[in-house]
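This report refers to the structure that appears directly beneath it.
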Amino acid sequence: MIEELKNQISIKLNNEIKNIYGVEVELKAETPKNKENGDVAIPAFPLCKALKKSPQESASLVSSILDGLNMFETISVLGGYVNATYSREVLSKSVLDSLDEPKKVDNPKTYAIDFSSPNIAKPFFVGHLRTTVIGYALSNILSYRGHKVVRINHLGDFGTQFGKLIYAFTNWGNIEEVRSNPIDTLVGLYVRFNQEAKNKPELDDEARRIFKELESGNEEYRTLWKEFKEYSLNEFNRVYKNLGVSFDVYSSEAEASRKSARVISMLREKGLLVKDDGAEIVRLKEPYPPAIVIRSDGATLYITRDLEEIFDRYDKYHFDYMLYCVGNEQKLYFTQLKEVLKLMNAPFEEGVKHVNNGLILKDGKKMATRDGSAVKLDDVLNESISLARAHIEEKNPSLENKDELAKKIGVSAIIFNDLKNYRENDYEFDIDAATRFEGQTGPYIQYTDVRIKSILNQCAYNKDNVDYKLFNTDSMYDMVKALDAFEDVIDKCISEYAPNYLAKYLLNLSTLFNSFYAKEKVLCENIIERDTKLYLLSKIKDVIEKGLNLLSMSIVDKM
């Protein structure tokens, strides 16, 4: 609202000057560099030339027009500038009224978002958390703004790793052990293969051979692959349910591989495929290395399948933007992908974006799968839930449904702990800090929401009693300005594909309220003052809960 007011002021000024003086100018309301100069600064210099008046005279004319808008508490002229401070009473009413009308875009776009995308036959590790919660939060934020969103989970169900897994199972595995404890058994086999291959590099060649046969339709291998995939999907869906994450589409590398003849044909027709040491590649401009599309043994690679998949998605969804929420380590790969799309003259190439994210670190190191050091997300969520329950026992031992509540708080704590970090940055995982009820945490925001609801439940308010003159105090007005910033924060999240701005905003809004509540009595005897404060608190609650929903965090009634 405050930013929109600057545009409205500029339009009104220019229209009034045209009506009064018959000249067209482009005066623009800006934010002063020095906050002490007020809320709005307007350079009057364009009017000097049009009216042949001095900067001081031109600024005085602008000042007189502003005075008639009845929006400002103070208006002053300093040289060729007009500085003005909003009427807190007028602005507070405008801001609070506007919160009931979500801002929708005039020209909505279609966003296809590829996120999470775990590999089958492996548990859902902590390393998968970032892409999952960042992608889902972005999809919620884009939908809130009015865009059409297609949430895609592109399963890693193909590639040489399955040659490794099938080799390990056929040589060392037992089907009954797999069926009784599928994921742990399969991971153990995969880890064993990589350990054995350190001393026997020929095993990697054997794994590539097996994968080529799998890709070519070997029935024995495909039967194993399908069974392993089913176990994984059951595991993934359980984790997604716990996280509150859902998808519109599940796609797979295997499916893309079966259809990859189309994109290979397109590349050949454009003369882009070149033979190189038995493989077929696309040469890219310096400094990028060539993109290998077909290996020397005839097998496809990830980029082959991704190219097929993206053309297929464009045919199905006619997206304006195709977002890939994938780690920083894939920057070169997505650069290569976009360069190939440019050479193919793909009409959607500019809309393909790599929404890259950093790592979750354990003792300063990347969590890996091959050496068995990765931490399961299930284990982290369970520990977080346990810590949340301990906090509840400490603060409110008589609370009902403590297990259910601990789950909502514990899972939300892990989600928020990730989302508060800028997506490109690595961060060190600290579960004890993440689950605290105070500080820069998700539970702190949930607790703030619960506290506000507790106050509102004690006394109903009448909106007709609201006196906007009471918003002249700094503490009340600061919260109004914070509420007004919500939609601007949403826009920033979208422009940078970064939900951390919303997470940080919720922390700031919660801190402002708690500071206010520590100093001021809300349920006071004066009905006008009480209802004014309760009305403001209801708006803060609504915005906090809106933000929690967008970040896929639980809203709770008691803590």
Side-chain angles (χ1 to χ4, degrees), residues 113 115-140 151-156 181-184 186-187 229-250 325 357 360 362 367 369 374-392 401-421 427 429-437 441-443 445-447 449 499 503 545 547-559:
I113 308 182
F115 63 100
S116 195
S117 306
N119 291 327
I120 68 166
K122 294 180 183 178
F124 204 102
F125 291 120
V126 169
H128 297 122
L129 179 67
R130 298 222 72 187
T131 168
T132 303
V133 297
I134 290 172
Y136 197 64
L138 286 177
S139 71
N140 292 341
R151 300 169 174 88
I152 302 172
N153 193 350
H154 188 59
L155 297 173
N181 187 13
I183 302 302
D184 286 345
L186 292 173
V187 170
K229 181 176 179 178
E230 184 179 350
Y231 296 141
S232 297
L233 285 174
N234 291 336
E235 164 86 357
F236 297 157
N237 287 331
R238 183 180 55 75
V239 175
Y240 290 135
K241 184 177 180 181
N242 286 338
L243 291 173
V245 169
S246 61
F247 298 89
D248 301 307
V249 177
Y250 278 86
C325 297
N357 61 260
I360 303 175
K362 180 184 177 184
M367 296 180 181
T369 306
V375 177
K376 294 179 186 176
L377 182 58
D378 253 353
D379 292 341
V380 170
L381 293 177
N382 289 335
E383 185 177 354
S384 181
I385 291 167
S386 177
L387 288 169
R389 200 185 194 290
H391 285 303
I392 294 169
N401 302 318
K402 282 182 279 193
D403 289 339
E404 179 184 349
L405 184 58
K407 183 176 181 180
K408 290 180 177 180
I409 295 170
V411 172
S412 294
I414 298 303
I415 293 172
F416 185 84
N417 187 60
D418 190 286
L419 291 178
K420 73 178 182 180
N421 296 283
Y427 74 90
F429 187 74
D430 184 343
I431 194 167
D432 291 321
T435 53
R436 291 173 190 153
F437 280 31
T441 70
I445 298 170
Q446 290 172 308
Y447 185 71
D449 181 47
E545 292 187 351
L548 290 172
N549 277 325
L550 291 176
L551 297 181
S552 193
M553 295 171 63
S554 295
I555 295 170
V556 297
D557 294 322
K558 294 182 179 181
M559 283 178 73

| remark: To the nearest 0.5 Å, atom OG of Ser117 lies from atom CG of Asn119 at 9.0 Å

| request: Measure the spacing between CG of Asn417 and CG of Asp430 and express it to the nearest 0.5 Å. | output: 8.0 Å

| Under 4.5 Å between any side-chain heavy atoms of Thr132 and Val239, yes or no? | no

| query | Sequence neighbours excluded, which residues qualify as side-chain contact (heavy atoms from CB on, under 4.5 Å) partners of Asn421? | reply | Arg130, Tyr427

| query | What class does the angle between the rings of Phe247 and Tyr240 fall in, given that below 30° is parallel, 30 to 60° is tilted and above 60° is perpendicular? | reply | perpendicular

| said: Can you confirm whether Lys420 is buried at NZ, in the sense that more than 12 heavy atoms of other residues, nucleotides or ligands lie under 6.0 Å from that atom? | reply: yes

| remark: With sequence neighbours left out, the residues meeting side chain to side chain donor-acceptor pair (under 3.5 Å) with Arg436 are none

| request: Can you see which heavy atom on Leu551 is nearest to which on Phe416, and at what distance? | output: CD1-CD1, 4.3 Å

| Non-neighbouring partners of Lys376 that pass side chain to side chain donor-acceptor pair (under 3.5 Å), sequence neighbours left out | Asp184

| message | Between Ser412 (side chain only) and Ser554 (backbone N and O only), is there a donor and an acceptor less than 3.5 Å apart? | response | yes

| said: Do Ile113 and Arg151 have side chains that approach each other closer than 4.5 Å (heavy atoms only, starting at C-beta)? | reply: no

| said: A side-chain contact here means heavy atoms from C-beta on lying under 4.5 Å apart; do Lys407 and Asn242 qualify? | reply: yes

| request: Indicate the atoms forming the closest heavy-atom contact of Asn140 with Leu550, along with that distance. | output: ND2-O, 3.0 Å

| Heavy-atom donor-acceptor pair, Thr435 side chain to Ala388 backbone, under 3.5 Å | no

| request: Quick one: pull up CZ in Phe115 and CD1 in Ile134 and give me the separation to the nearest 0.5 Å. | output: 11.5 Å

| query | Looking at side-chain heavy atoms only, is the closest gap between Ser552 and Leu243 below 4.5 Å? | reply | no

| Asn382 side chain vs Asp378 backbone, donor-acceptor pair below 3.5 Å | yes

| query | Which heavy atom of Leu138 sits nearest a heavy atom of Cys325, and at what distance? | reply | CD1-SG, 4.5 Å

| message | Quick check for you: to the nearest 0.5 Å, what is the distance between Glu383 atom CD and Leu381 atom CG? | response | 10.5 Å

| query | Out of curiosity, Leu129 CG to Ile360 CD1, how far, rounded to the nearest 0.5 Å? | reply | 4.5 Å

| Leu548 versus Ile445: any side-chain heavy-atom pair under 4.5 Å? | yes

| Should Tyr136 and Ile415 count as side-chain neighbours, where that means a heavy-atom distance under 4.5 Å? | no

| When you measure from the side chain of Glu545 to the backbone N and O of Ile555, does any donor-acceptor pair fall under 3.5 Å? | no

| message | Using the side-chain contact (heavy atoms from CB on, under 4.5 Å) criterion, which residues pair with Lys229? Sequence neighbours excluded. | response | Ile120, Leu155, Asp157, Trp225, Leu233, Ser252

| query | Aromatic rings Phe236 and Phe124: how do their planes relate, parallel, tilted or perpendicular, breaks at 30° and 60°? | reply | perpendicular

| task | Go through the structure and list residues passing side chain to side chain donor-acceptor pair (under 3.5 Å) with Ser384, not counting sequence neighbours. | result | none

| query | Within the side chain of Ser232, is there an N or O that forms a donor-acceptor pair under 3.5 Å with the backbone of Ala121? | reply | yes

| field | Inter-residue atom distance His391.NE2 - Leu405.CG, 0.5 Å rounding | value | 12.5 Å

| side chain to side chain donor-acceptor pair (under 3.5 Å) partners of Asn237, counting only residues at least two apart | Tyr250

| message | Can you give me the closest heavy-atom contact between Met559 and Gln446, atom names plus distance? | response | SD-C, 3.6 Å

| field | Closest contact, heavy atoms only, Ala137 versus Leu419 | value | CB-CD1, 4.1 Å

